[in-house]
Amino acid sequence: MIIAIDGPAGAGKSTIAKMVAKCLDFLYIDTGAMYRALTVKVLAQGLKINDRHGIIDLAQTSTINLVNTPEEIMRVLLDGRDVSIEIRQPQVTKYVSDIARIKEVREVMVELQRQLGKKGNVVLDGRDIGTVVFPDAKKKFYLDADFKERVNRRLKELQLIGTPVTFEDVAADLKNRDTIDSTREVAPLKKADDAISIDTTSMSIEAVVEKVLLHIQDGTLL
Ligand code: DC
């Protein structure tokens with residue numbers, strides 16, 4: 001059973017997807033983390049962001065694994081090394097959308113995501129899960145929120161892990177990523193026609209989780 005949760009950065013996808021997966025005892029897959037892991041490697045190897053061939057080669061020869069731990073923390077392994085912390089660094093966030101727009105990179109990641117989806121009951125969050133990766137997903141959700149609210153949420157998350165950023169820094173980054181993610185040629189961020197839209201701007205996390213679970217229960221899932 002596949003549940004797809006898409007939407008822009010800061011809409012609450014990963015928090016909600018994680019909690020929904022926990023409530024249903026499903027596997028949680030953060031697909032953005034995969035693009036981030038590749039970005040870590042691109043930066044570590046000193047590749048230029050416009051070195052398309054070099055980046056594609058790295059994507060095709062790297063091993064990226066997502067591991068759900070018993071402590072409910074998702075670990076991201078890049079060639080066997082834990083990069084769960086590194087993938088959240090501002091440099092990675094700055095360049096990840098440029099890497100995720102490359103068609104051949106997406107082909108590698110989508111294949112990986114489909115393999116993981118075969119494991120059975122899975123909640124995936126991303127940008128193209130309901131449109132491209134799993135167009136036949138049993139339930140699809142599209143989460144969004146006002147821009148200012150999304151910036152504030154990201155700002156809080158970053159401050160919590162001790163990253164010194166301002167509202168303006170985060171706003172500029174989100175604006176840039178929104179533009180790249182939604183205007184790229186391959187699999188742009190877009191609501192699937194059959195996805196349920198939820199505007200999370202003034203909703204608590206619990207209220208969104210409840211709404212998602214209710215929609216799932218309305219179906220044939222539980
Ligand atoms: O969800 P996130 O912010 O961690 O995602 C990081 C970037 O990865 C995002 O800016 C766009 C890209 N991405 C994507 O293109 N497709 C996905 N399914 C998930 C993320």
Side-chain angles (χ1 to χ4, degrees), residues 2-18 21 28-43 49 55-56 59 62 64 66 73-76 78 83-117 122-135 137 140-145 147 150-151 153-158 161 163 165 169-192 195 200:
I2 306 277
I3 296 173
I5 303 186
D6 289 305
K13 295 183 310 286
S14 60
T15 308
I16 303 302
K18 238 180 262 173
Y28 164 59
I29 298 172
D30 173 354
T31 62
M34 296 177 171
Y35 293 98
R36 285 173 178 271
L38 177 63
T39 307
V40 166
K41 191 155 171 180
V42 168
L43 296 177
I49 291 302
I55 295 172
I56 293 169
S62 302
I64 295 170
L66 299 187
I73 304 160
M74 202 204 61
R75 296 262 160 236
V76 185
L78 169 66
V83 291
S84 312
I85 307 283
E86 275 169 82
I87 61 167
R88 304 293 162 199
Q89 284 173 352
Q91 273 302 89
V92 173
T93 303
K94 184 171 173 193
Y95 292 114
V96 62
S97 287
D98 284 310
I99 286 166
R101 80 206 292 186
I102 302 172
K103 179 171 151 270
E104 291 83 352
V105 165
R106 301 200 70 80
E107 284 167 2
V108 172
M109 300 301 168
V110 168
E111 178 54 30
L112 197 55
Q113 290 154 19
R114 288 186 178 144
Q115 290 300 329
L116 290 170
V122 180
V123 180
L124 298 102
D125 84 54
R127 304 291 190 288
D128 59 341
I129 308 304
T131 51
V132 173
V133 185
F134 288 109
K140 300 179 187 178
F141 297 90
Y142 188 86
L143 303 193
D144 207 344
F147 184 71
R150 294 198 283 122
V151 174
R153 288 179 189 170
R154 265 293 137 92
L155 187 63
K156 249 191 226 161
E157 277 172 20
L158 289 168
I161 56 170
T163 315
V165 280
D169 295 334
V170 180
D173 166 64
L174 274 199
K175 197 157 185 267
N176 180 43
R177 287 204 291 143
D178 277 0
T179 306
I180 299 176
D181 295 346
S182 53
T183 59
R184 68 181 175 222
E185 267 175 45
V186 195
L189 167 66
K190 183 163 109 258
K191 177 189 158 319
T200 68

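Counting convention: from 1, in listed order, for ligands and their atoms alike. Throughout, residue positions are numbered sequentially from 1 according to the sequence presented.
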Worksheet item: Is there at least one pair of N or O atoms, one from R184 and one from ligand 1, spaced under 3.5 Å apart?
Response: yes
Is it true that K191 and D144 make a salt bridge, defined as a side-chain N closer than 4.0 Å to a carboxylate O? no
closest protein heavy atom to atom 16 (N) of ligand 1 is R106 NH2, 3.0 Å
Closest heavy-atom approach to atom 13 (N) of ligand 1 among M34, Q113, R127 is made by R127
inquiry  = Any nitrogen or oxygen of R36, side chain or backbone, less than 3.5 Å from one on ligand 1?
reply    = yes
The atoms of ligand 1 lying under 4.0 Å from a heavy atom of A100, numbered in the order shown, are 12 (C), 15 (O)
> If you measure from the Lys or Arg side-chain nitrogens to the Asp or Glu carboxylate oxygens, is any gap between R154 and D173 under 4.0 Å?
Replying inline: no
Numbered in order shown, the ligand 1 atoms found under 4.0 Å of a heavy atom of T31 are 17 (C), 18 (N), 19 (C)
Paired with D128, the salt bridge (charged side-chain N to carboxylate O under 4.0 Å, His left out) test is passed by just one of K190, R106, K140, R184, namely R106
query = Is any side-chain N of the basic residue among D30 and R88 closer than 4.0 Å to the acidic one's carboxylate O?
reply = yes
K103 and E107 ion-paired at < 4.0 Å: yes
Please check this pair: side chain of D125 against backbone of I5, looking for a donor-acceptor N/O pair closer than 3.5 Å. no
the protein heavy atom lying closest to atom 6 (C) of ligand 1 turns out to be R177 NH1, 3.5 Å
the protein heavy atom lying closest to atom 20 (C) of ligand 1 turns out to be G32 CA, 3.5 Å
inquiry  = With nothing but distance in play, are any N or O atoms of D30 less than 3.5 Å from an N or O of ligand 1?
reply    = no
